[in-house]
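Shown next, in structure tokens, is the structure this report addresses.
All figures in this text were calculated on a predicted structure; none of them were measured in a lab. Each ligand, and each atom within it, is numbered from 1 in the order the structure gives.
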Amino acid sequence: MYQDEHVIFRGSFRKFVEREIVPHIPRWEAERMIPREAWEKMGASGFLCPWLPEEYGGSGADFLYSVIIAEELARAGAVSLMAPLHSDIIAPYIHRLGTEAQKRRWLPKCASGEIVLAIGMSEPNAGSDLAALATRAERDGDAYVVNGSKTFISNGIQADLVVVACRTDRNARGSRGISLLCVERGTPGFSRGRKLEKMGLHAQDTAELIFEDCRVPAGNLLGEENKGFHYLMEHLQQERLIVTIMAQAMAEAMLDMTIAYAGERKAFGQTIGSFQHNAFKIVEMATEVRLGRTFLDRLVDRHAAGEEIVTDVSMAKAWTAEMANRVAYQCVQLHGGYGYMEEYAICRFSRDVRPIAIFAGTTEVMKLIVARKMDLL
Ligand SMILES: Cc1cc2nc3c(=O)[nH]c(=O)nc-3n(C[C@H](O)[C@H](O)[C@H](O)COP(=O)(O)OP(=O)(O)OC[C@H]3O[C@@H](n4cnc5c(N)ncnc54)[C@H](O)[C@@H]3O)c2cc1C
């Protein structure tokens, strides 16, 4: 599926990641923030939203370029720089649902890195059960007045524009009466809450967002009023595919670094990888990793061809996230005490891979979707 130009692009992006990102990760982890310059450098080099048409600041690249960027960042242990979330999960909402004026106003800055995006779906009492969200937006003249809060929002502190899911019809229940509003930095009544302390993804600014009588211009509504839940469901296929790509690339990287380590580290006069028990562990992981890759590549192909793959991508997201976490556990074990030390990359990888089984829909929610599609529930 990859052509020569994709291979060349992968090579140049990998070099960019090795030069501009990897050396800075320890500092970004300590500072608990990805600096703006990193976003701007990504943008200046054409690595943000490459799929956008040229008129909106992109280069009209096909989906495989987005896949390559997500894979290379994950492979390098740089998932805290959530460029795929920005480029391939949130920007598509603006591109597909936005008016011409909205697209011209925001998209070129998304491609340059001047605007960092976030999406606010989850609330303190609405995570898996998204239809329970309570943030309200009431129409008042030429604005919506938004009240409520969001939590666990990736890029929450840095974001210049947040796509916020809110309830616009106070009489509607469940998934009905939800709309998507673009809330911009500086809008009166919009503030950031706590920057959350997390188990991993230390360089990622995951935060609470607070809306208190926040007046959002009615012109910032994305798509039609009250169709928000439908839009969210439509876009989740690509979101889950991107997250699966991250999990798979991390599993591959963890396996590679562990094979290398097991071939060097000696105990009882031999390399630890040459104990049959450990060799078998590595073989089991390599088999799972290869299965994941085969499944994923097929899904990428089908998604790029415009097929509906909701069932399969939900299966893949659930299985790959769990597989990558099994691999993480075994790889730390094979590193012994060094696996628990920051100076070894496996330590950070094992922390950062954990939430992939939680965000973009938990493993259990993925199974719910598949079970319903199979008419089991
Ligand atoms: C690092 C990180 C980044 C995130 N970024 C974002 C973001 O940018 N934007 C955003 O909107 N959200 C974001 N989230 C939130 C994420 O999407 C939610 O955490 C997730 O959807 C789960 O919701 P919850 O945490 O409320 O868990 P709950 O919904 O409370 O679930 C708790 C447990 O119960 C299980 N469960 C729930 N319902 C069922 C059921 N019907 N059957 C079986 N089991 C069930 C769940 O699988 C889970 O194991 C992020 C989360 C993390 C950890």
Side-chain angles (χ1 to χ4, degrees), residues 29 32-34 74 78-93 116-135 148-167 174-175 178 180-183 192-211 222 228-229 231-233 235-236 238-240 242-244 246-247 250 314 317-319 321-322 324-325 348-372 376-377:
E29 291 255 310
R32 298 291 199 261
M33 185 67 87
I34 304 280
V79 278
S80 279
L81 174 51
M82 291 221 174
L85 172 75
H86 167 97
S87 299
D88 306 304
I89 296 175
I90 312 174
Y93 281 95
V116 173
L117 298 170
I119 186 158
M121 297 184 271
S122 305
E123 298 183 0
N125 292 314
S128 301
D129 183 10
L130 198 54
L133 68 85
T135 296
S149 65
K150 299 286 174 183
T151 193
F152 302 148
I153 307 306
S154 304
N155 297 342
I157 300 290
Q158 288 259 10
D160 304 288
L161 188 153
V162 188
V163 175
V164 182
C166 3
R167 208 163 271 292
S175 60
I178 291 170
L180 302 182
L181 283 180
C182 293
V183 183
R192 326 278 161 155
R194 286 178 303 152
K195 182 163 78 164
L196 301 164
E197 291 293 334
K198 306 187 295 298
M199 176 197 283
L201 295 176
H202 286 157
Q204 165 56 220
D205 56 312
T206 311
E208 296 170 331
L209 306 179
I210 298 163
F211 306 94
L222 263 192
F229 199 81
Y231 296 143
L232 290 171
M233 294 303 116
H235 284 72
L236 282 173
Q238 179 152 315
E239 170 166 358
R240 287 169 184 160
I242 291 285
V243 169
T244 306
M246 287 161 56
M250 289 181 83
S314 307
K317 200 272 180 187
W319 187 83
E322 297 292 329
N325 273 286
R348 186 175 71 251
F349 270 79
S350 69
R351 285 197 305 258
D352 289 358
V353 80
R354 184 64 188 90
I356 298 186
I358 296 170
F359 58 50
T362 63
T363 297
E364 293 73 25
V365 166
M366 294 302 100
K367 289 180 183 171
L368 264 181
I369 293 170
V370 177
R372 285 186 186 134
L376 299 171
L377 297 174

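Taking atom 1 (C) of ligand 1 as the reference point, the nearest protein heavy-atom neighbour is Phe359 CD2, 3.8 Å. When hydrogens are left out, the protein atom nearest atom 21 (O) of ligand 1 is Gly127 C, 3.8 Å; that is the closest non-hydrogen contact. For atom 9 (N) of ligand 1, the closest non-hydrogen atom of the protein is Ile119 O, 2.9 Å. Distance from atom 28 (P) of ligand 1 to its nearest protein heavy atom, with residue and atom name: Ser128 OG, 3.6 Å. The protein heavy-atom contact nearest to atom 8 (O) of ligand 1 is Ser154 N, 3.0 Å.
Only the side chain of Leu368 comes within 4.0 Å of ligand 1, counting heavy atoms alone; its backbone N, CA, C and O stay farther away.
In this structure, NE2 on His235 lies 8.5 Å from CG on Leu180, to the nearest 0.5 angstrom. Put simply, CE on Met250 and OG on Ser350 are 8.5 Å apart, with the number rounded to the nearest 0.5 Å. Rounding to the nearest 0.5 Å places OH of Tyr93 at 4.5 Å from CG of Leu232.
Here atom 18 (C) of ligand 1 lies nearest to Ser122 when heavy atoms of Ala126, Ala207, Ser122, Gly200 are compared.
There is no protein heavy atom less than 4.0 angstrom from atom 30 (O) of ligand 1. Protein heavy atoms come within 4.0 Å of atom 50 (C) of ligand 1. Within 4.0 Å of atom 39 (C) of ligand 1, not a single protein heavy atom is present.
At under 3.5 Å, not a single nitrogen or oxygen of Asp129, backbone or side chain, sits near a nitrogen or oxygen of ligand 1. Taking distance alone, with nitrogen or oxygen atoms compared against 3.5 Å, Glu364 approaches ligand 1 more closely than that limit. The shortest N/O to N/O separation between Phe152 and ligand 1 falls below 3.5 Å. On a distance-only criterion, Ile153 and ligand 1 share no N/O pair closer than 3.5 Å.
Partners of Arg194 according to the salt bridge (Lys or Arg N to Asp or Glu O under 4.0 Å) rule, which considers only residues two or more places apart in sequence or in another chain, are Glu208. Judged as a side chain to side chain donor-acceptor pair (under 3.5 Å), and not counting sequence neighbours, the contacts of Asn155 are Gln204.
Few gaps surround NZ on Lys198; more than 12 heavy atoms of other groups in view lie less than 6.0 Å from it.
Distance alone, capped at 3.5 Å, places no donor-acceptor pair between the Arg348 side chain and the Ala78 backbone. Counting only distance, with no hydrogens or angles, the side chain of His202 and the backbone of Arg32 share no donor-acceptor pair below 3.5 Å.
Shown in contact with Ile358 at under 4.0 Å from a heavy atom are these atoms of ligand 1, numbered in order with element: 19 (O), 20 (C). Counting atoms of ligand 1 from 1 in the listed order, those under 4.0 Å from a heavy atom of Thr362 are 22 (C), 46 (C), 47 (O). Close approach to Met121 involves these atoms of ligand 1, each under 4.0 Å from a residue heavy atom: 10 (C), 11 (O).
Side-chain contact, Thr135 with Glu123: a donor N or O sits under 3.5 Å from an acceptor N or O.
Classification of Glu239 and Lys317 as a salt-bridged pair fails, no side-chain N sitting under 4.0 Å from a carboxylate O.
Between Asn325 and Arg354, the closest heavy-atom pair is OD1-CA, 3.3 Å.
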